[in-house]
Participant: 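Please read through the structure below; I'll follow up with questions.
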Amino acid sequence: MKIAKYDYSMIRKWLPVLFLFAYVITVAIAPAFAPYDPLEINMSDRLSEPSEKHLLGTDHLGRDLFSRILAGGRVTVGTGFLVLTIILIVGVPLGMLSGFIGGRFDRYFMRIIDAFLAFPDFIIAIVLSGILGPGMVNLVLAIVVAKWGSYVRLVRSTVLAEKEKDYVLMAVISGLPAYKIIRKHLLPHVMGNVLVLATLDLGKIILMIASLSYIGLGAQPPTPEWGAMLNECKPYFYSSPHLMVIPGIFIMCTVLISNLAGDMLRDRLDIEK
Amino acid sequence: MAYIVKRMMEFLLFFLLLSFVSFVFIKLAPGDPVKQMLRVDEVAVTKEQIESLREELKLNEPLYVQYWYWLKRFFQFDLGHSYMTKKPVFDELLSRFPATVMLTCTSLMVMVFISAPLGTLSALYKNKWIDHASRLFALVGSSIPSFWLGLILMDLFAVKLNLLPSMGKGTWKHLILPSLTLGIAMSAAYVRLLRSSLLESFHKDYVKAARSRGISEKRIFFFHVFRHSLIPVITIFGMSLGSLISGTVVIEVLFSYPGIGKLIVDAIVRRDYPVIQGYVLFISLLIVMINIFIDICYRYLNPEIRLKGVERR
């Protein structure tokens, strides 16, 4: 029989994730409210200070900074989210398979993952975008390759720990097919851990996207990306410091929100890192 | 000893694999290297010239023969010449490397000077204002983009106050801003780590034992708690030594500091393949060597690992 009373503790537990999700959705729809076209060049009104006409001023090509920030949020945060999604789609099934099958496959596969993990993720990302060339698509690919290893490892170790428990053994004995065991019994355990790691990682990934774009390996002008915007505005930062301060604050706040959400989620789910 | 030999064999295998992969990748890269090399001279290129250079570079041979020649040249420290500067890649890397090492060391110093006192005070005065302040520092510090922090510091110290140079390399003054930026960015994580490690140690049995023997609190702290708390910190530090080197890349670009990070970013933007390839090999060898070195150190320092074997996550 189903219990009628709804369990509100679930919602409380996942509140940080809901917050983060709400933030991401806000950022995603924000460009619709931009007062100007973020790519529209207006040389007669360049490098203007924040005013009523331009809420945050304009950049060196007379583009409205506020509109560019909104559009850039979609690019930066959206790319970060895209990277995480790809990592989860690739990493979770591979980790589960490796943990569930075990044996020789697991051993060799883990050697490969170890080789990936031995390198700092930033170096992998730089080397890959070096080989593939600068650009946003290559950047996504590079960060996915740099980051997926730790997810496979985490999922695998969770599966290994759960696999040995009695309830899984019971399921095997009762003749439950493997895919059902994975979906019904192992996946819920795995997803808790993975979501904590993912929330903690979102901030790092956004920082990585912004940093790589800043050094010119990610988004290319005129794409409004927060890191790339800082790079574009660098020659003007003596005269118009607001061009440099504002995108930085937006990056910082975004990363801060995701870090806070990750920390809270970890404390609530009581997971040791 | 057998362990070291085993690690070395692994290392060799890994190197061969890596060098082959990077060799093939660069081969697959768009653009004909022969035309690229000749194009820079800005003279009309004839078909014969292309053919003779092809012959000279052994580009007409099958791939594995090319790889063999390339490997042979690699062991003679010949990584080819940069398309842009025409200098040998190996010399270029070697001349830039000390600057990066220098920057890494000074940033480390800044990091220790910030995180050791802050982490200790934070643990000693748990839930007092200094603890809250240092936790806020750790949270903001880990969220701040390092290049933005650098820009702000540059604006403050180089432009507004005009105290320090903002770009380039030369005197010790050039090192201050980059290492301050990197040091602050890194110390955030270590403040947290040291704090939690110290708090954990406070409740260990050996602390109770020391207290019951009537040893003064000061002595307990410095000779027992602090020493033990350093073990996890050093462990994490060893693991992140590689990422320290990667952290310098952004900072070097920001401050136009001529290290290998600036070199690789310039090479990537200009599609300078020999330099990219050289960097890939150089940096991966470096990191693998660091990892092996740290592994061996652990085994030497910590008898527990030596007896049980390294526990894999």
Side-chain angles (χ1 to χ4, degrees), chain A residues 110-111 114-115 117-134 146 150 153-154 156-157 200 203-204 206-217 226-227 230-231 233-234 237-238 241 244-245 247-260 263 273, chain B residues 10 14 17-18 21-22 25-26 28-30 139-140 142-149 151-152 154-155 158-160 185 239-247 249-254 261-262 264-269 271-273 275-277 279-280 283-284 286-288 290-292 312-313:
Chain A
M110 280 307 120
R111 292 310 290 228
D114 277 344
L117 287 179
F119 289 89
D121 36 23
F122 202 76
I123 288 283
I124 299 183
I126 282 193
V127 162
L128 270 178
S129 52
I131 291 167
L132 300 167
S150 50
R153 263 248 176 252
L154 178 75
R156 171 186 171 267
S157 59
L200 282 170
K204 281 185 206 143
I206 287 174
L207 274 185
M208 211 146 133
I209 293 169
S211 308
L212 285 167
S213 291
Y214 175 76
I215 57 178
L217 303 183
W226 289 342
L230 279 167
N231 185 17
C233 297
K234 205 183 162 194
F237 93 89
Y238 299 111
M244 164 194 92
V245 174
I249 289 179
F250 273 87
I251 300 175
M252 193 178 89
C253 289
T254 307
V255 178
L256 201 67
I257 289 172
S258 118
N259 279 353
L260 275 175
D263 279 352
K273 211 184 168 189
Chain B
E10 267 180 35
F14 176 79
L17 204 72
L18 183 89
V21 169
S22 82
F25 257 117
I26 301 297
L28 290 174
L139 187 68
V140 174
S142 59
S143 308
I144 219 166
S146 58
F147 58 93
W148 188 63
L149 181 68
L151 279 170
I152 298 280
M154 209 195 261
D155 188 42
V159 182
K160 295 243 163 64
M239 286 198 280
S240 57
L241 208 61
S243 57
L244 228 166
I245 295 169
S246 64
V249 175
V250 176
I251 302 300
E252 280 175 13
V253 173
L254 172 65
K262 179 102 176 63
I264 178 67
V265 173
D266 287 346
I268 291 172
V269 174
R271 318 300 300 138
D272 195 342
Y273 286 112
V275 177
I276 298 176
Q277 192 176 36
Y279 177 84
V280 171
I283 204 79
S284 35
L286 185 71
I287 287 169
V288 172
I290 289 175
N291 285 346
I292 291 179
R312 296 246 173 221
R313 255 185 308 162

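A note on names: the letters A, B, ... follow the listed sequences, proteins ahead of strands, and every chain is numbered from 1. Basis for what follows: all heavy atoms, side chains included, without hydrogens, waters or symmetry-related copies.
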Participant: Can a donor-acceptor pair be found, under 3.5 Å and without considering hydrogens, that links the side chain of A:Ser258 to the backbone of A:Gly203?
Facilitator: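 Present.
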
Participant: Are the side chain of B:Trp148 and the backbone of A:Met244 linked by a donor-acceptor contact shorter than 3.5 Å?
Facilitator: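 Checking the backbone N and O of A:Met244 against the side chain of B:Trp148, a donor-acceptor pair under 3.5 Å is found.
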
Participant: Might you point out which heavy atoms bring B:Ser143 and A:Leu207 nearest each other, and give the distance in Å?
Facilitator: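 So the minimum-distance heavy-atom pair works out to O-CD2, 3.9 Å.
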
Participant: So which part of A:Ile257 gets closer than 4.5 Å to some heavy atom of chain B, the side chain, the backbone, both or neither?
Facilitator: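 Interface part for A:Ile257: neither.
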
Participant: Can you classify the ring geometry of A:Tyr214 versus B:Phe147 as parallel (below 30°), tilted (30 to 60°) or perpendicular (above 60°)?
Facilitator: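 Taking B:Phe147 first and then A:Tyr214, their aromatic rings lie parallel (interplane angle under 30°).
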
Participant: What part of A:Leu217 gets within 4.5 angstrom of chain B, counting heavy atoms only: side chain, backbone, both, or neither?
Facilitator: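 When you check distances to chain B, only side chain atoms of A:Leu217 fall under 4.5 Å.
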
Participant: Against chain B, label A:Ile126 side chain, backbone, both or neither, depending on which of its atoms sit under 4.5 Å from a heavy atom there.
Facilitator: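 The answer is both parts of A:Ile126.
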
Participant: Return the minimal non-hydrogen interatomic distance between B:Ser146 and B:Val250, and the atom names on each side.
Facilitator: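 Nearest heavy atoms, B:Ser146 then B:Val250: OG-CG1, 4.3 Å.
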
Participant: Heavy-atom distance under 4.5 Å to chain B: side chain of A:Leu230, backbone, both or neither?
Facilitator: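 Only the side chain of A:Leu230 comes within 4.5 Å of chain B.
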
Participant: Which region of B:Ser284, side chain (C-beta onward) or backbone (N, CA, C, O), has a non-hydrogen atom less than 4.5 Å from a non-hydrogen atom of chain A, or is it both or neither?
Facilitator: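 Both backbone and side chain of B:Ser284 come within 4.5 Å of chain A.
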
Participant: At a heavy-atom distance under 4.5 Å, which candidate from B:Val265, B:Val269, B:Val253 has the highest pair count against chain A?
Facilitator: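 Highest number of pairs under 4.5 Å: B:Val253.
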
Participant: So which heavy atom on A:Asn259 is nearest to which on A:Leu200, and how close?
Facilitator: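 Closest pair (atom of A:Asn259, atom of A:Leu200, distance): OD1-O, 3.9 Å.
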
Participant: Work out which heavy atom in B:Glu252 is nearest to a heavy atom in B:Gly261; give both atom names and the distance.
Facilitator: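 Heavy atoms of B:Glu252 and B:Gly261 come nearest at OE1-N, 2.7 Å.
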
Participant: Can you tell me which portion of A:Asp121 sits under 4.5 Å from chain B's heavy atoms? Options are side chain, backbone, both or neither.
Facilitator: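 Looking at A:Asp121, nothing touches chain B.
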
Participant: For B:Ile144, which atoms come within 4.5 Å of any heavy atom of chain A: side chain, backbone, both, or neither?
Facilitator: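 Answer is both: backbone and side chain atoms of B:Ile144 are under 4.5 Å from chain A.
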
Participant: Select, from B:Ile264, B:Leu149, B:Leu139, B:Ile152, the one with the greatest count of heavy-atom pairs under 4.5 Å involving chain A.
Facilitator: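 Heavy-atom pair counts peak at B:Leu139.
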
